[in-house]
Participant: 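Attaching a single structure in structure tokens format; questions to follow.
Order of appearance sets the numbers: ligands from 1, and atoms from 1 within every ligand.
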Amino acid sequence: MKLTEKIHLLPLDFEIKFNPNMKINRFVNSLIIFGEKITLIDTGVKGCATKISDYIKENSRDITEVETVILSHSHPDHIGSASEIKRITGCRVLAHEGEKGWIEDIKAQVKERPVPGFFDLLDEPVKIDRFLEHGQEVKADKNITLKIIHSPGHSSGSINILFEEDRILFTADSIPVKKDIPNYDNFNDLVRSLNSIRTNRDYTILLTSWTPPITDPEKIEKFLNEGEIYMRALDDAVKGIYTGDEAVPLEFCRKVILKLGLPEFYINPVVDRAFRGHKI
Ligand SMILES: [Zn+2]
């Protein structure tokens with residue numbers, strides 16, 4: 001899908017297997033910038049390099065023209081094909097330093113954040129060639145300047161990317177989606193990042209990793225408000241239930257999920273980790 005002549009959105013499908021009986025289908029957005037060279041933002045799960053390559057071919061270009069891959073953060077659905085694409089193209093990989101540990105050491109990532117079916121989504125680490133800093137500008141093409149906005153909370157080195165000339169803000173996973181799987185490292189940082197997205201006046205198109213582009217200002221406002229209300233409800237439930245030690249693993253997580261009437265497959269170590277990221 002074309003956002004502009006040169007900036008394309010490519011949703012990449014994948015599935016997460018929570019247990020043998022429970023899997024969910026999701027997609028993650030990647031962005032392809034067709035400049036003199038090609039810049040790619042996020043790469044989908046492992047195996048997505050072929051879909052990306054096919055899409056680039058449909059646009060009469062070739063994946064070997066990818067010069068830069070920017071990773072919004074370290075989670076498997078964003079970096080799963082980065083290693084393969086780097087191998088094919090020799091591209092440079094850019095990400096925030098806060099994500100170095102989990103991008104370059106995926107065993108550490110799965111140990112600390114055990115996403116169900118992790119190695120089905122990501123099986124190769126990739127080396128970051130250059131760190132991105134808050135406020136930095138990356139020139140993707142003559143009139144395509146990408147401004148890096150550090151947006152911690154979902155993960156410590158998550159970034160948002162502002163397309164300055166086209167007024168598109170790509171927020172990756174920074175905005176929690178109502179009723180979706182609670183999935184963040186630090187609640188207070190997440191709310192702060194959400195507020196800076198709300199007060200940012202430099203964009204007219206809001207693009208996340210999980211939604212089609214949102215252009216109606218009222219819908220943008222509603223989306224941000226719903227995310228924050230959901231977070232506040234989670235915060236209240238977490239703080240009302242947490243008592244310190246738990247006799248049974250995931251007991252605390254289970255109580256919060258059941259209290260809020262969320263699906264039972266949300267009772268898992270990733271969500272438990274998010275709940276422990278509230279100041280409790
Ligand atoms: Zn994520």
Side-chain angles (χ1 to χ4, degrees), residues 9-18 24-31 40-46 48 69-83 93-106 108-123 125-126 128 132 148-161 169-187 189-194 197 206-211 223-224 227 230-231 234 265-266 268-278:
L9 173 66
L10 179 63
L12 298 164
D13 300 324
F14 66 102
E15 63 180 34
I16 306 179
K17 293 188 193 111
F18 284 87
I24 58 168
N25 295 311
R26 296 188 78 112
F27 70 89
V28 63
N29 286 327
S30 68
L31 286 158
L40 186 62
I41 301 176
D42 286 347
T43 67
V45 302
K46 77 170 186 181
C48 284
V69 169
I70 298 177
L71 301 173
S72 65
H73 63 293
S74 58
H75 294 163
D77 47 332
H78 302 263
I79 73 162
S81 290
S83 170
V93 173
L94 315 182
H96 192 275
E97 191 170 6
E99 301 298 284
K100 175 181 163 69
W102 283 3
I103 289 176
E104 296 191 351
D105 184 352
I106 61 171
Q109 178 174 172
V110 72
K111 196 168 163 211
E112 291 163 32
R113 186 175 178 272
V115 170
F118 182 92
F119 289 105
D120 293 337
L121 308 174
L122 168 65
D123 62 357
V126 69
I128 302 170
L132 294 169
I148 306 302
I149 302 167
H150 185 209
S151 184
H154 178 69
S155 67
S156 62
S158 279
I159 53 165
N160 294 170
I161 298 169
L169 182 66
F170 174 59
T171 56
D173 291 351
S174 293
I175 304 172
V177 178
K178 187 171 80 168
K179 303 267 184 194
D180 204 344
I181 303 170
N183 177 14
Y184 41 88
D185 271 356
N186 183 303
F187 171 79
D189 284 352
L190 188 79
V191 171
R192 255 194 301 275
S193 290
L194 203 52
I197 294 168
L206 179 69
L207 180 64
T208 80
S209 292
W210 309 343
T211 57
F223 185 64
L224 292 167
Y230 182 41
M231 283 296 103
L234 287 170
F265 72 91
Y266 285 12
N268 67 53
V270 171
V271 175
D272 185 65
R273 178 187 161 87
F275 290 163
R276 288 166 198 282
H278 291 247

Participant: My understanding is that only one of D77, D13, D180 makes a salt bridge (Lys or Arg N to Asp or Glu O under 4.0 Å) with R26; could you say which?
Facilitator: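 The option that passes is D180.
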Participant: How open is the angle at the Zn ion (ligand 1) from atom NE2 of H154 over to atom NE2 of H73, rounded to 10 degrees?
Facilitator: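 That angle is 100°.
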Participant: Taking 2.8 Å as the cut-off, does H75 contribute an N, O or S atom near the Zn ion (ligand 1), distance below it?
Facilitator: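 Yes, within the cut-off.
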Participant: Restricting to N, O or S, what is the name of the atom of D173 that lies nearest the Zn ion (ligand 1)?
Facilitator: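 When I compare the N, O and S atoms of D173, OD2 is nearest to the Zn ion (ligand 1).
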Participant: Name the one of H78, H96, H75 that satisfies ring pair (Phe, Tyr, Trp, His ring centres under 6.0 Å) with H154?
Facilitator: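 Checked H78, H96, H75 against H154; only one passes ring pair (Phe, Tyr, Trp, His ring centres under 6.0 Å): H75.
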Participant: Give the minimum heavy-atom separation between A82 and T43, together with the two atoms involved.
Facilitator: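 Between these two residues, the closest heavy atoms are N-OG1, 3.3 Å.
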Participant: Does a salt bridge link D185 with R273, judged by any charged N lying under 4.0 Å from a carboxylate O?
Facilitator: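 Result for this pair is yes, salt bridge flagged.
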